[in-house]
> 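One structure follows; several queries about it will come next.
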Amino acid sequence: MSNDLLACPKCKTGLSAEFFNTPDLTPCPGCRAPAYVEVFPALFQTPAPAPSGAAILTGSESSCFYHPQKKAVVPCESCGRFLCALCDVEMKGQHLCPACLSAGKKKGKLKHLQDQRVLYDSIAVAMAAYPLLLWPFTLVMAPMALYIAIRHWNAPSSLIPRSKVRFLVAIILASLELLAWAAGIIAIMTR
Amino acid sequence: MTDETKPLRKLPGRRRQIFGLVSALGTRLYLEDDHLLYVANERFTESYKRFYFRDIQALVFCRTNAGLIFNFVLGGLAGGCAVLDLLANWGAVGLAILGPLAFFFLLLLLVNVLKGPTCRCQLKTAVHTEELPSLNRVRAARKAFALLRPEIAAAQGQLTAMEAQAAAQQRTLNPATRGAPQPFFHRPPPPVKHEQGRFHAGVCYLLLMDSLMTGLDIFYDNVWLTLSMTLLNLALLGAMVVALVRQHDSDLGKGIRSFMWGVLGYQCLMLVLGFVFTIYLIVEFKLKGDNQWEMLRLWSMQSALESPLLLWALTLSSATSLAFGLSGLALLRAHRQQGKAPPVAAPTETP
């Protein structure tokens, strides 16, 4: 391990302090590829000690729900339980207890904790469009695409704002496929 | 538990993978009020990573040659289509097929050139280093950094070059700061091995031979000469691969290294042109592609003295091989003389 705090993304050679925050690109000592490094104060800061929660000194002080011997500092904004400094999780100005945080993440209520979302609109479009390559499959896939589009119309989609146009395309395409099937069946039966 | 929805700001740069099945199909970066949001689209799902401004320690990017290589490939493909169209007398049909193809490759080349040089970008926090694939162009990375800088500065302050260097120096000198972010774990520099450059010399001599034989090929149409040239080119490719492997982590100068990569590029171009010429022969003489001997015979029958384009191509190839061979030998000579120079005597301690 060298004393270099950063490494070249290409060759992993350590980049010394002369590279930091210079306006121009400087050749990496390892691969000679021009590199640009921008560092911020966090690189040199010592991490602050984690809060452990103060012990209760007098009988009139409220105690933490999870640690009865620790002093409560804030109530959970979701369930109202008293929390010590150790149990208090601050997120976007909200104070939550670990249980509510976990439940919020599981139920998808906390947008800032979500690390994945299913794109039902893309699924619906794919289910309506891909089977056109092997058209007999449309008989099964078109109703499924319709079901997904209608069932998940109001489900949270991507975190990046996007319109409902994919759902609409899926519904129109699947409906047309079903209409074509109906027309075909009627034509065969009336022949 | 409520979440306020605030508008996201798109950062420049995007990476798209049309046929990405395992990895993300596309990645993009967005700015939120207190963090950077990394969005990876995986066709039917989206994954998110958040980098809070207060936690970002450094942003690094390094220029890569990917764009340049892509330019060469696209240029070669467009040139190949144009040469094939010139060589083959397919008339309107050939032009209708090869013209749009060449135009398509040229368009891609133009887009790639306009996008500017490529780079590899990373973001470092106290606990990990994250690759940012969407910032794969220097221009996009610079623009994104410019947008990120004030946000990060608002969260944790800003450092000038001098301040950053002083802080790094202090961190190195002061053992009390050992609890601070740990230095980056990186691969120790590999030991440099001495390389005589025998295979490099071999490549140079083979190039000189190639130059001579190509020159002869202009005047003599002989199947054995064509066969010898094919074998020579195979030997050249083999020697080049070995030379490129041996020059890795060696004391060979940058000039010789670049020279070897240049020869590789030249040989690849020759291979592409040869391939195009073979297709032309197959189509023109309605030949079956699996009859190698017939193909070789046809190759040798093409008289350079009767075709100005072939004459021009062979002369240029001969001259380029000669230039490469001689310049490579000169570079190697300089390297060997440098190696023979007496080492500088270590200063002796005077009493």
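By convention in this document, chain letters (A, B, ...) are assigned in the order of the sequence lines, proteins followed by strands, and residues within each chain are numbered from 1. Any value given below was found using the heavy atoms of this structure, including those in side chains, with hydrogens, waters and symmetry copies removed.
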> Between A:Leu159 and B:Tyr48, is the side-chain contact (heavy atoms from CB on, under 4.5 Å) condition met? List the steps.
CA-CA 9 Å; A:Leu159 279 183; B:Tyr48 310 105; 3.6 Å; yes

> How about B:Tyr52 and B:His35: are their ring centres within less than 6.0 Å of each other?
yes

> Which is it for B:Glu42 and B:Ser47 under the side chain to side chain donor-acceptor pair (under 3.5 Å) test, yes or no, and what are the steps along the way?
CA-CA 8 Å; B:Glu42 287 136 5; B:Ser47 305; 2.9 Å; yes

> Looking at B:Tyr30, does the NZ or CZ of B:Lys10 lie under 6.0 angstrom from its six-membered ring centre and within 45 degrees of the ring axis?
no

> Would B:Arg54 and B:Asp34 pass as an ion pair if we require N to O under 4.0 Å?
no

> Using salt bridge (charged side-chain N to carboxylate O under 4.0 Å, His left out) as the criterion, list what pairs up with A:Lys71, not counting sequence neighbours.
A:Glu61

> With a 4.5 angstrom heavy-atom cut-off, is it the side chain or the backbone of B:Arg50 that approaches chain A, or both, or neither?
side chain

> Please report the C-alpha distance between B:Tyr38 and B:Arg28 in whole Å, then the side-chain angles of each, then the deciding distance to 0.1 Å, and finally whether the side chain to side chain donor-acceptor pair (under 3.5 Å) criterion is met.
CA-CA 6 Å; B:Tyr38 168 96; B:Arg28 248 205 123 135; over 6 Å; no

> Would A:Cys97 and A:Ser78 count as a side-chain contact (heavy atoms from CB on, under 4.5 Å) if you check the C-alpha gap in whole Å, the side-chain angles of each, and the deciding distance to 0.1 Å?
CA-CA 8 Å; A:Cys97 67; A:Ser78 176; over 6 Å; no

> How about B:Phe61 and A:Tyr36: are their ring centroids closer than 6.0 Å?
yes

> Between A:Pro34, A:Cys31, A:Pro9, A:Ala35, who has the most heavy-atom pairs with chain B when the cutoff is under 4.5 Å?
A:Pro9

> Sort by residue number and list every residue of residues 151-163 of chain B having at least one heavy atom under 4.5 Å from chain A.
B:Ile152, B:Gln156, B:Gly157, B:Gln158, B:Leu159, B:Thr160, B:Ala161

> After noting the C-alpha distance and the side-chain angles of B:Gln122 and B:Thr129, does the key distance pass the side chain to side chain donor-acceptor pair (under 3.5 Å) rule?
CA-CA 7 Å; B:Gln122 285 181 346; B:Thr129 301; 5.5 Å; no

> Using non-hydrogen atoms and a limit below 4.5 Å, what part of residues 134-149 of chain B faces chain A?
B:Arg142, B:Phe145, B:Arg149

> Once ring-ring contact (aromatic ring centres under 6.0 Å, His included) is applied, what residue pairs with a partner in residues 144-189 of chain A remain, sequence neighbours excluded?
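Checked against ring-ring contact (aromatic ring centres under 6.0 Å, His included) - neighbours excluded - the pairs reaching residues 144-189 of chain A are A:Tyr120-A:His152, A:Trp135-A:Trp181, A:Trp153-A:Phe167.
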
> Output the option from A:Val39, A:Thr26, A:Asp115, A:Val118 having the highest count of non-hydrogen pairs under 4.5 Å with chain B.
A:Asp115

> B:Thr64, B:Asp55, B:Thr125, B:Ile56: which one forms the most heavy-atom pairs within less than 4.5 Å of chain A?
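Between B:Thr64, B:Asp55, B:Thr125, B:Ile56, the count favours B:Ile56.
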
> With respect to B:His200, which candidate in B:Arg257, B:Gln247, B:Glu195 satisfies the side-chain hydrogen bond (donor to acceptor under 3.5 Å, both in side chains) definition?
B:Gln247

> Tell me, for A:Pro23 versus chain B, whether the close heavy atoms (under 4.5 Å) come from the side chain, the backbone, both or neither.
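For A:Pro23, backbone heavy atoms alone lie under 4.5 Å from chain B.
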
